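As the structure is a prediction and not an experimental result, all values here were calculated from the model.
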There are 2 protein chains.
Amino acid sequence: MDVKYPLRKVNFTFEVNELRNRIKDLRLVYDLTQDELAEKLEVSRQTIISLEKGRYNPSLILAYKISRVFMCRIEDVFIFEEGNENG
Amino acid sequence: MDVKYPLRKVNFTFEVNELRNRIKDLRLVYDLTQDELAEKLEVSRQTIISLEKGRYNPSLILAYKISRVFMCRIEDVFIFEEGNENG
DNA sequence: TACAAATGTAAAGTGTGCTTGACATTCAGA
DNA sequence: TCTGAATGTCAAGCACACTTTACATTTGTA
């Protein structure tokens with residue numbers, strides 16, 4: 001990336017209050033079982049269950065791999081419920 | 001999401017061999033110090049240093065917050081070097 | 001009914017993302 | 001020079017993403 005001029009500073013901070021996802025829906029669209037999806041992603045079936053239940057904030061690489069299996073972007077799979085300090 | 005018909009199964013698995021990012025460049029474009037960026041993201045300065053040096057695979061929420069500070073998408077900040085089993 | 005496949009829960013263990021604190025190095029400006 | 005801001009290293013510790021195993025529940029179907 002070629003940096004010419006600094007832009008003015010952004011004066012926001014961002015909070016992500018909740019992370020939801022469409023993994024279960026997408027998995028059904030693609031006709032995959034939890035086991036099959038786990039195998040494609042090279043994670044355990046427990047990980048799929050926990051993700052589908054929204055139990056945790058996955059690593060970026062795992063999120064990316066999920067989005068690739070479903071042939072879309074990360075933001076199409078994961079929904080970030082957001083608030084910021086200024087509103 | 002309204003699931004009507006399952007699509008045919010994808011028969012790929014995905015490997016992410018390397019994760020690079022443009023955080024340092026973007027930080028300079030926005031004229032932020034590591035300290036300032038850390039404060040916006042509510043992480044430590046060490047975390048920024050380690051991220052810029054590519055030392056780890058951040059959580060999805062942190063990756064998302066970074067992309068929002070820089071007003072772009074996750075895939076604009078992070079570069080996934082990819083290979084898959086089928087070639 | 002009975003069986004198998006798919007989904008789910010529980011619980012203990014491991015690896016790593018991220019923190020904290022202390023200190024070193026670089027570099028621009030007075 | 002000297003000083004302070006910015007960047008960097010190192011190391012110990014904690015929280016949680018992810019694994020593994022074992023077993024329970026649901027659901028479709030012969």
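- In this structure, the side chain of Asn21(B) engages the main chain of Leu51(B) through a donor-acceptor pair within 3.5 Å.
- A donor-acceptor pair is defined here as one N or O able to donate and one able to accept, closer than 3.5 Å; no such pair exists between the side chain of Tyr64(B) and the backbone of Ile74(B).
- Regarding Glu42(B), its CD atom lies at a distance of 10 Å from the P atom of dT19(C), rounded to whole Å.
- In this structure, Ile49(A) places its CD1 atom 15 Å from P of dT26(D), rounding to the nearest Å.
- Between Glu39(B) and Arg45(B), no side-chain nitrogen of the basic residue sits less than 4.0 Å from a carboxylate oxygen of the acidic one, so the salt-bridge criterion is not met.
- Contact annotation for Arg45(A): base contact, defined as any heavy-atom pair under 4.0 Å involving a base atom.
- The distance between atom CG of Leu28(B) and atom P of dA5(D), rounded to the nearest whole Å, is 19 Å.
- As rounded to whole Å, 16 Å separates atom P of dA5(C) from atom CD of Glu39(A).
- With hydrogens and angles disregarded, a donor-acceptor distance shorter than 3.5 Å links the side chain of Ser50(B) to the backbone of Gln46(B).
- For dT9(C), its base sits under 3.5 Å from the side chain of Gln46(A) at one donor and acceptor pair at least.
- By the 4.5 Å heavy-atom criterion applied to side chains, Glu81(B) and Val16(B) are not counted as neighbours.
- If you measure from atom CG of Leu37(B) to atom C1' of dA5(D), you get 17 Å, rounded to the nearest angstrom.
- Ranked by how close their nearest DNA chain D nucleotide is to the 5' end, Lys53(B) and Ser59(B) are led by Lys53(B).
- Distances shorter than 4.0 Å separate some side-chain N or O of Arg27(A) from OP1 or OP2 on dT7(C).
- Residue Asn57(A) is classed as a sugar-phosphate contact, given heavy-atom separations below 4.0 Å to backbone atoms only.
- Here the nucleotide nearest the side chain of Tyr56(B), chosen from dG8(D), dC18(C), dT19(D), is dC18(C).
- If you take CZ of Arg55(B) and P of dT16(C), they are 15 Å apart, rounded to a whole angstrom.
- In this structure, Leu62(A) atom CG and dG17(C) atom C1' are separated by 14 Å, rounded to whole Å.
- A straight line from CD of Glu52(B) to P of dT9(D) spans 11 Å, rounded to a whole angstrom.
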